[in-house]
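Predicted, not measured: the structure shown is a model, and the values here were computed from it.
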Amino acid sequence: MNAPAKTEEFVSAVPAGVFAEKVLSVTHYTDRLFRFTMTRPQGFRFRSGEFAMIGLMVDGKPLYRAYSIASPAWADELEFFSIKVPDGPLTSHLQNIKPGDEVLMRKKPTGTLVLDALTPGKRLYMFSTGTGIAPFASLIRDPETYEKFEEVILTHTTRDVAELKYGFDLVEEIRNDEILSEVVGDKLRHYATVTREEFPFKGRITDLIESGKLFADLGVPALDSAIDRGMICGSSAMLKDTKDLLEKAGLNEGANSKPAEFVIERAFVG
């Protein structure tokens with residue numbers, strides 16, 4: 001069974017202790033990126049920024065990968081943002097889902113990109129590359145984020161301009177939401193950069209931090225461990241390089257069990 005299964009066939013094969021949820025919508029952004037929503041199981045709880053193990057039945061067996069939940073904790077539906085890998089064990093199948101298909105999800109969410117893992121501060125940076133923006137899609141739509149921070153800066157770096165669209169769509173949705181727009185106000189700032197095409201802001205986020213251009217463009221001071229907090233999600237190289245820069249600025253890595261000045265998500269989609 002290599003294609004997303006239809007409901008009757010699928011439900012009979014669902015492993016015990018796993019949710020089987022219906023796909024509600026699918027949006028393809030590029031030949032590499034897509035977004036989809038699915039029903040939220042009754043009683044399913046998660047903190048904005050966490051990830052879940054989602055999957056499909058492939059060749060008669062359940063296959064899972066970690067995906068950040070892109071919807072905020074209060075949402076009625078679950079949203080995910082995914083890459084498409086032609087020969088990816090899961091994504092080669094997941095990219096073909098359509099409304100009405102069923103997707104598996106394990107029952108326990110987890111993750112480090114949660115507000116509880118940070119000590120109090122004034123300015124929160126969310127550093128993301130590619131689909132690493134997904135957990136921040138959850139957090140920038142959560143009112144608690146704006147209760148805890150005076151300023152929220154979402155950075156999103158991709159190779160091409162077309163790959164930035166999901167981030168711009170998120171910000172537009174917030175502005176058009178009567179309740180969220182009032183909560184967020186002017187606290188959210190969106191800094192998008194690309195590495196391969198011409199664009200007003202160009203370059204790897206680590207280079208822009210190191211050179212100081214990020215802070216000059218935003219009109220804010222350089223990183224200050226007393227007031228700045230960070231969250232990082234992206235490629236393994238980006239995680240390491242950004243972590244080094246934050247530590248160089250005096251920020252310490254935190255965790256759920258020991259909150260500090262920045263946190264990293266090390267779960268990957270494939």
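Rounding to the nearest 0.5 angstrom, the gap separating the CG atom in L78 from the CZ atom in F36 is 9.0 Å. Rounding to the nearest 0.5 Å gives a distance of 6.0 Å between OG1 of T30 and NZ of K84. Rounding to the nearest 0.5 angstrom, the gap separating the CG atom in L214 from the CD1 atom in I209 is 6.0 Å. Atoms CG and CG, on L154 and L170 in that order, are 8.0 Å from each other to the nearest 0.5 Å. To the nearest 0.5 Å, the span separating CG on L56 from CG on L90 amounts to 5.5 Å. The CZ atom of F201 sits 12.0 Å away from atom CG of L164, with the distance rounded to the nearest 0.5 Å.
A cation-pi arrangement, defined by a distance under 6.0 Å to the six-membered ring centre and an angle within 45 degrees of its axis, is absent between K122 and F149. At least one cation-pi condition fails for R35 and F80: the charged atom is not both under 6.0 angstrom from the six-membered ring centre and inside a 45 degree cone around its axis.
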One pair to check against side chain to side chain contact (heavy atoms under 4.5 Å, CB included): R123 and I153. What are the steps and the verdict? CA-CA 8 Å; R123 184 182 296 114; I153 298 173; 3.7 Å; yes
Is there a side chain to side chain contact (heavy atoms under 4.5 Å, CB included) between L124 and L118 once you walk through the steps? CA-CA 10 Å; L124 174 60; L118 293 174; 3.7 Å; yes
How far apart are the C-alpha atoms of Y166 and F81, what are their side-chain angles, what is the distance that settles it, and do they pass the ring-ring contact (aromatic ring centres under 6.0 Å, His included) test? CA-CA 9 Å; Y166 177 64; F81 184 49; 3.9 Å; yes
Verify side chain to side chain contact (heavy atoms under 4.5 Å, CB included) between E247 and N252, making sure each step is shown before the conclusion. CA-CA 6 Å; E247 288 180 337; N252 299 298; 5.9 Å; no
Does the side chain to side chain contact (heavy atoms under 4.5 Å, CB included) test come out yes or no for T131 and S82, once each step is laid out? CA-CA 6 Å; T131 54; S82 178; 5.7 Å; no
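Side-chain contact of T206 with T242: a donor-acceptor pair under 3.5 Å is absent, judged by distance alone. Counted by atom type alone, T129 and S235 present zero donor-acceptor pairs between their side chains at under 3.5 Å. When only modelled atom types and interatomic distance are considered, T119 and R229 share a side-chain donor-acceptor pair under 3.5 Å. D217 and Y191 share a side-chain donor-acceptor pair at under 3.5 Å.
Considering only residues two or more places apart in sequence or on other chains, Y146 meets the ring pair (Phe, Tyr, Trp, His ring centres under 6.0 Å) condition with none of them.
The environment of R189 atom CZ is dense: over 12 non-hydrogen atoms of other residues, nucleotides or ligands sit within 6.0 angstrom. Atom CG of N176 has more than 12 neighbouring heavy atoms from other residues, nucleotides or ligands inside a 6.0 Å radius.
Here the side chain of T193 pairs a donor or acceptor atom with the backbone of G203 at under 3.5 angstrom. With T91 contributing its side chain and V85 its backbone, the two residues share a donor-acceptor pair below 3.5 Å. For the pair D101 (side chain) and I97 (backbone), a donor-acceptor distance under 3.5 Å is absent.
Between H156 and F136, the gap from one ring centroid to the other reaches at least 6.0 Å.
Among D142, T110, N256, the single residue meeting the side-chain hydrogen bond (donor to acceptor under 3.5 Å, both in side chains) criterion with R47 is N256.
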